[in-house]
Amino acid sequence: MQTIVRGTKRNYLVRGYDKEYELARLARRTRNPAHRGFLEAWVEVSKGQLRFEAQLRRSELKKRGLLTMTDCVADRLEEVAEVYFERVGWSNPYGGVRVAEQLVALAKELRPAEYRNLLTYLHAQELGVPSGLNRNVESAARATVRKYHLMDRDDGGELRRLDFKDGR
């Protein structure tokens, strides 16, 4: 499972990962049958869900008016989390139907590390930020993108967005 991290340690960090994958992994590793059954049921409910976590430092909490624990009510925390979800670009449109289908096919074709690097590269391109991959790895990911025309927007495919409230 790859966790995508955005932000700076100095101010804030946000993390996103596949909740279904995380729970399935936990279920496989759990020895208690009752707990495993609970986790497996939870896996079914979590299909396609993105887990999003925001970690804010004191300066960011002050900017958002979260100075004491009494300020940290559920509605306020959700509002602040959504601000950072959008701030790091996770609400930006991505892909199209054709691109999504190609990515599913490539998941079976590429080695796991190559696929992870491809997704990291694509996400960085969409956000307009450096990918953090070394030069050779980024070059290989770029070659895959070009080979399969993954950044083309003229395919007529529907653009999609991650939905903060729905987690999908």
Side-chain angles (χ1 to χ4, degrees), residues 1-9 12-55 81-82 84-168:
M1 167 177 53
Q2 179 178 0
T3 300
I4 299 174
V5 180
R6 297 287 180 259
T8 63
K9 289 182 182 180
Y12 68 93
L13 288 175
V14 295
R15 293 176 179 82
Y17 56 89
D18 183 343
K19 187 67 175 175
E20 175 189 3
Y21 183 89
E22 178 208 24
L23 292 170
R25 188 179 59 133
L26 285 173
R28 284 192 305 272
R29 295 172 57 184
T30 301
R31 294 182 183 181
N32 180 330
H35 191 232
R36 183 180 303 116
F38 169 76
L39 288 171
E40 288 170 349
W42 198 3
V43 166
E44 291 303 312
V45 175
S46 300
K47 284 198 181 296
Q49 263 194 344
L50 170 72
R51 172 73 179 182
F52 173 80
E53 300 170 356
Q55 179 183 7
E82 189 168 3
Y84 286 88
F85 185 85
E86 292 178 8
R87 186 176 191 178
V88 297
W90 287 4
S91 61
N92 291 347
Y94 67 92
V97 173
R98 187 176 65 82
V99 172
E101 291 169 357
Q102 284 182 315
L103 287 174
V104 168
L106 285 170
K108 297 171 186 166
E109 183 180 323
L110 298 174
R111 292 187 328 230
E114 291 173 326
Y115 186 68
R116 182 186 65 239
N117 294 334
L118 172 64
L119 293 179
T120 301
Y121 176 80
L122 286 170
H123 191 72
Q125 290 298 302
E126 287 294 320
L127 294 175
V129 298
S131 69
L133 300 170
N134 76 40
R135 192 173 5 160
N136 293 339
V137 171
E138 184 168 318
S139 178
R142 186 180 312 110
T144 302
V145 166
R146 287 183 181 147
K147 179 178 178 181
Y148 293 97
H149 306 285
L150 295 176
M151 295 296 287
D152 293 351
R153 294 295 186 161
D154 58 359
D155 63 2
E158 175 187 342
L159 292 178
R160 299 178 183 203
R161 291 180 185 271
L162 292 176
D163 185 294
F164 177 80
K165 301 218 186 289
D166 188 35
R168 299 179 193 279

K.L.:
Please tabulate, for the side chains in residues 26-35, all donor-acceptor contacts under 3.5 angstrom to protein atoms that are two or more places apart in sequence or on a different chain.
P.N.:
residue, atom, partner, partner atom, Å
Thr30, OG1, Leu26, O, 2.6
Asn32, OD1, Ala34, N, 2.9
Asn32, OD1, His35, N, 3.2

K.L.:
Using a strict cut-off of less than 4.0 Å between a Lys/Arg side-chain nitrogen and an Asp/Glu carboxylate oxygen, indicate whether Arg25 and Glu22 qualify as a salt bridge.
P.N.:
no

K.L.:
Could you grab the distance from atom CZ of Arg51 to atom CD of Glu20, nearest 0.5 Å is fine?
P.N.:
15.5 Å

K.L.:
side-chain contact (heavy atoms from CB on, under 4.5 Å) with Ala41: which residues, sequence neighbours excluded?
P.N.:
none

K.L.:
Atom OG in Ser139, atom CG in Leu133: separation rounded to 0.5 Å?
P.N.:
11.0 Å

K.L.:
Which residues pass the salt bridge (Lys or Arg N to Asp or Glu O under 4.0 Å) test with Arg87, sequence neighbours left out?
P.N.:
Glu60

K.L.:
Taking only residues two or more places apart in sequence or in another chain, which ones pass salt bridge (Lys or Arg N to Asp or Glu O under 4.0 Å) with Glu109?
P.N.:
none

K.L.:
Among all residues two or more places apart in sequence or in another chain, which pass the side-chain contact (heavy atoms from CB on, under 4.5 Å) test with Val5?
P.N.:
Thr3, Leu13, Arg15

K.L.:
List for me each residue that meets side-chain contact (heavy atoms from CB on, under 4.5 Å) alongside Val14, sequence neighbours excluded, and say none if there are none.
P.N.:
Arg6, Tyr12, Phe52, Ala54, Tyr84, Val88

K.L.:
Who passes side-chain hydrogen bond (donor to acceptor under 3.5 Å, both in side chains) against Gln125, sequence neighbours left out?
P.N.:
none

K.L.:
What residue pairs, at least two apart or across chains, pass salt bridge (charged side-chain N to carboxylate O under 4.0 Å, His left out) with a residue in residues 135-149?
P.N.:
Glu138-Arg142

K.L.:
How far does CG of Leu110 sit from CG of Leu119, to the nearest 0.5 angstrom?
P.N.:
9.0 Å

K.L.:
Who are the ring pair (Phe, Tyr, Trp, His ring centres under 6.0 Å) partners of Tyr115, not counting sequence neighbours?
P.N.:
none

K.L.:
Going by heavy atoms in the side chains, are Leu118 and Leu103 under 4.5 Å from each other?
P.N.:
yes

K.L.:
Kindly indicate whether the side chain of Leu150, heavy atoms from C-beta on, has any atom under 4.5 Å from the side chain of Leu106.
P.N.:
yes

K.L.:
Not counting sequence neighbours, list each pair that qualifies as a salt bridge (charged side-chain N to carboxylate O under 4.0 Å, His left out) and has a residue in residues 34-46.
P.N.:
Glu44-Lys47

K.L.:
Testing Val45, Asp18, Leu39 one by one against Leu23 for a side-chain contact (heavy atoms from CB on, under 4.5 Å), which residue passes?
P.N.:
Leu39

